[in-house]
Engineer: 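Okay, handing you the structure first.
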Amino acid sequence: MHNVVFVLGPPGSGKGTICAKIQENLGYVHLSAGDLLRAERQREGSEFGALIEQHIRNGSIVPVEITCALLENAMNNSGDAKGFLVDGFPRNEDNLQGWNKQMTGKALVQFVLFLSCPVPICIQRCLNRGQGRTDDNEESLKKRVETYNHQTFPIIEHFEKNGLVREVKSERSVEEIYADVVEVFNQTAKV
Ligand SMILES: Nc1ncnc2c1ncn2[C@@H]1O[C@H](COP(=O)(O)OP(=O)(O)OP(=O)(O)O)[C@@H](O)[C@H]1O
Ligand SMILES: Nc1ccn([C@H]2C[C@H](O)[C@@H](COP(=O)(O)O)O2)c(=O)n1
Ligand SMILES: [Mg+2]
């Protein structure tokens, strides 16, 4: 049974940055759904490359059958990990239903780490990111924010109703955010 922490928040809220620090210090393995999809997009012979690129540029969400298979494969190939930080998933109802269908009995969701951050700050962070992403532009970001507000935030609210959300305000410095994140994991370990 894989232990899983979902990491959610608007584009540019710092999910990848904070997950890297958790992986480095707390023994969890970071799996970014977006990174896995970008790798699949580039994979020689992938039948999903064009579809993935279209969704990424459009800020829309790839069908869960593709994304969840990549996540499950990555978890199964990660050996005996303490747990997995599933970054940027579930991002909509299709993701959530697909996860429940495919991963029930295989993975246990410990909690959802929600990095909340004002959208204007997030947009500037993405525009300044400098990683050459095809979706770090005004047009794609507008659509990504729309997707977050209308499709992803309801998923966070769903988990909130089940008492599983741990919110950390993320407009602050990485150090301040990470200090609060460590406390969240420490509190979870005590339960
Ligand atoms: N607390 C912070 N303060 C200032 N800049 C930050 C902070 N956290 C992350 N950044 C920077 O903002 C950019 C986006 O961060 P990151 O890639 O971690 O966000 P993300 O939530 O994973 O975004 P996406 O959903 O687009 O993948 C990066 O250039 C990162 O270095
Ligand atoms: N569950 C997911 C996660 C990501 N994607 C696609 C669409 C996103 O805009 C893009 C980039 O994700 P990020 O690296 O910003 O987390 O990847 C998806 O379709 N489904
Ligand atoms: Mg990211």
Side-chain angles (χ1 to χ4, degrees), residues 4 6-24 30-42 46 48-72 74 84-100 102-103 109 112-156 167-181:
V4 164
F6 287 142
V7 183
L8 295 174
S13 52
K15 298 183 295 297
T17 301
I18 295 301
C19 284
K21 291 180 73 70
I22 298 168
Q23 175 171 268
E24 192 182 326
H30 175 206
L31 298 176
S32 161
D35 289 348
L36 289 169
L37 287 166
R38 280 181 286 269
E40 177 62 21
R41 175 185 63 184
Q42 307 301 117
S46 171
F48 305 119
L51 176 72
I52 291 169
E53 177 56 13
Q54 181 189 2
H55 280 288
I56 288 178
R57 278 186 186 276
N58 193 40
S60 52
I61 304 302
V62 172
V64 67
E65 291 76 14
I66 298 171
T67 314
C68 205
L70 293 172
L71 285 167
E72 184 174 11
F84 295 93
L85 305 164
V86 176
D87 166 3
F89 186 99
R91 262 200 162 105
N92 65 2
E93 188 65 24
D94 177 55
N95 272 193
L96 180 62
Q97 296 308 324
W99 173 272
N100 290 339
Q102 185 166 334
M103 300 305 292
V109 177
V112 176
L113 179 62
F114 170 32
L115 301 183
S116 55
C117 187
V119 165
I121 293 175
C122 290
I123 288 173
Q124 279 312 311
R125 288 179 181 174
C126 289
L127 292 175
N128 298 333
R129 179 158 32 197
Q131 290 175 5
R133 284 178 42 160
T134 57
D135 57 350
D136 277 347
N137 58 73
E138 302 265 359
E139 185 182 358
S140 295
L141 278 163
K142 188 171 184 299
K143 295 173 184 174
R144 290 166 65 194
V145 168
E146 179 90 4
T147 296
Y148 171 77
N149 287 334
H150 291 94
Q151 296 184 48
T152 307
F153 192 69
I155 300 301
I156 296 170
E167 180 178 359
V168 176
K169 295 213 176 292
S170 297
E171 64 268 39
R172 301 172 292 164
S173 71
V174 172
E175 292 68 31
E176 288 171 307
I177 298 162
Y178 184 64
D180 284 355
V181 167

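In each ligand, atom 1 is the first atom listed, and ligand 1 is the first ligand listed. Quick caveat: nothing in here was measured; it's all calculated off a predicted structure. Note: hydrogens, waters and symmetry copies are ignored here, and every other heavy atom, side chains too, is used.
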Engineer: Do Thr147 side-chain atoms and Gly59 backbone N/O form a donor-acceptor pair below 3.5 Å?
Structural biologist: yes
Engineer: Considering only heavy atoms from C-beta outward, does the side chain of Thr17 approach that of Ile177 to under 4.5 Å?
Structural biologist: no
Engineer: Give a yes or no on whether the backbone of Pro10 and the side-chain of Lys15 come within a donor-acceptor separation of less than 3.5 Å.
Structural biologist: yes
Engineer: Take the angle between the ring planes of Trp99 and Phe6 and call it parallel below 30°, perpendicular above 60°, tilted in between.
Structural biologist: perpendicular
Engineer: Check each protein residue for a heavy atom under 4.0 Å from ligand 2 and list those that pass, ordered by chain and number.
Structural biologist: Ala33, Gly34, Leu37, Arg38, Ile56, Ser60, Ile61, Val62, Gly88, Phe89, Arg91, Asn95, Arg133, Asp135, Arg144
Engineer: Would you say the side-chain atoms of Arg125 pair up with the backbone N or O of Gly12, donor to acceptor, closer than 3.5 Å?
Structural biologist: yes
Engineer: Report yes if some heavy atom in the side chain of Tyr178 is under 4.5 Å from a heavy atom in the side chain of Ile22; otherwise report no.
Structural biologist: yes
Engineer: Between the protein and ligand 1, are there any N or O atom pairs that come within less than 3.5 Å of each other, and if so, what are their names and distances?
Structural biologist:
{"from": "ligand 1", "atom 1": "1 (N)", "to": "Arg125", "atom 2": "NH2", "distance (Å)": "3.4"}
{"from": "ligand 1", "atom 1": "1 (N)", "to": "Arg172", "atom 2": "O", "distance (Å)": "2.9"}
{"from": "ligand 1", "atom 1": "3 (N)", "to": "Arg125", "atom 2": "NH2", "distance (Å)": "3.4"}
{"from": "ligand 1", "atom 1": "17 (O)", "to": "Arg129", "atom 2": "NH1", "distance (Å)": "2.8"}
{"from": "ligand 1", "atom 1": "18 (O)", "to": "Gly16", "atom 2": "N", "distance (Å)": "3.3"}
{"from": "ligand 1", "atom 1": "18 (O)", "to": "Thr17", "atom 2": "N", "distance (Å)": "2.8"}
{"from": "ligand 1", "atom 1": "18 (O)", "to": "Thr17", "atom 2": "OG1", "distance (Å)": "2.7"}
{"from": "ligand 1", "atom 1": "19 (O)", "to": "Gly14", "atom 2": "N", "distance (Å)": "3.3"}
{"from": "ligand 1", "atom 1": "21 (O)", "to": "Ser13", "atom 2": "N", "distance (Å)": "3.3"}
{"from": "ligand 1", "atom 1": "21 (O)", "to": "Gly14", "atom 2": "N", "distance (Å)": "3.0"}
{"from": "ligand 1", "atom 1": "21 (O)", "to": "Lys15", "atom 2": "N", "distance (Å)": "2.9"}
{"from": "ligand 1", "atom 1": "21 (O)", "to": "Lys15", "atom 2": "NZ", "distance (Å)": "2.8"}
{"from": "ligand 1", "atom 1": "22 (O)", "to": "Gly16", "atom 2": "N", "distance (Å)": "3.0"}
{"from": "ligand 1", "atom 1": "23 (O)", "to": "Gly12", "atom 2": "N", "distance (Å)": "3.0"}
{"from": "ligand 1", "atom 1": "23 (O)", "to": "Arg129", "atom 2": "NH1", "distance (Å)": "3.2"}
{"from": "ligand 1", "atom 1": "25 (O)", "to": "Lys15", "atom 2": "NZ", "distance (Å)": "2.7"}
{"from": "ligand 1", "atom 1": "26 (O)", "to": "Arg129", "atom 2": "NH1", "distance (Å)": "3.2"}
{"from": "ligand 1", "atom 1": "26 (O)", "to": "Arg129", "atom 2": "NH2", "distance (Å)": "2.8"}
{"from": "ligand 1", "atom 1": "26 (O)", "to": "Arg133", "atom 2": "NH2", "distance (Å)": "3.3"}
{"from": "ligand 1", "atom 1": "26 (O)", "to": "Arg144", "atom 2": "NH2", "distance (Å)": "2.5"}
{"from": "ligand 1", "atom 1": "27 (O)", "to": "Arg133", "atom 2": "NH1", "distance (Å)": "3.0"}

Engineer: Take Arg57 and Glu53 through the test salt bridge (Lys or Arg N to Asp or Glu O under 4.0 Å) and record every step on the way to the result.
Structural biologist: CA-CA 6 Å; Arg57 278 186 186 276; Glu53 177 56 13; 2.7 Å; yes
Engineer: Report the C-alpha separation of Glu146 and Lys142 in whole Å, then their side-chain angles, then the decisive distance to 0.1 Å, and conclude whether the salt bridge (Lys or Arg N to Asp or Glu O under 4.0 Å) test is met.
Structural biologist: CA-CA 6 Å; Glu146 179 90 4; Lys142 188 171 184 299; 5.6 Å; no
Engineer: Hey, does Gln102 have a side-chain heavy atom less than 4.5 Å from the side chain of Leu71?
Structural biologist: no
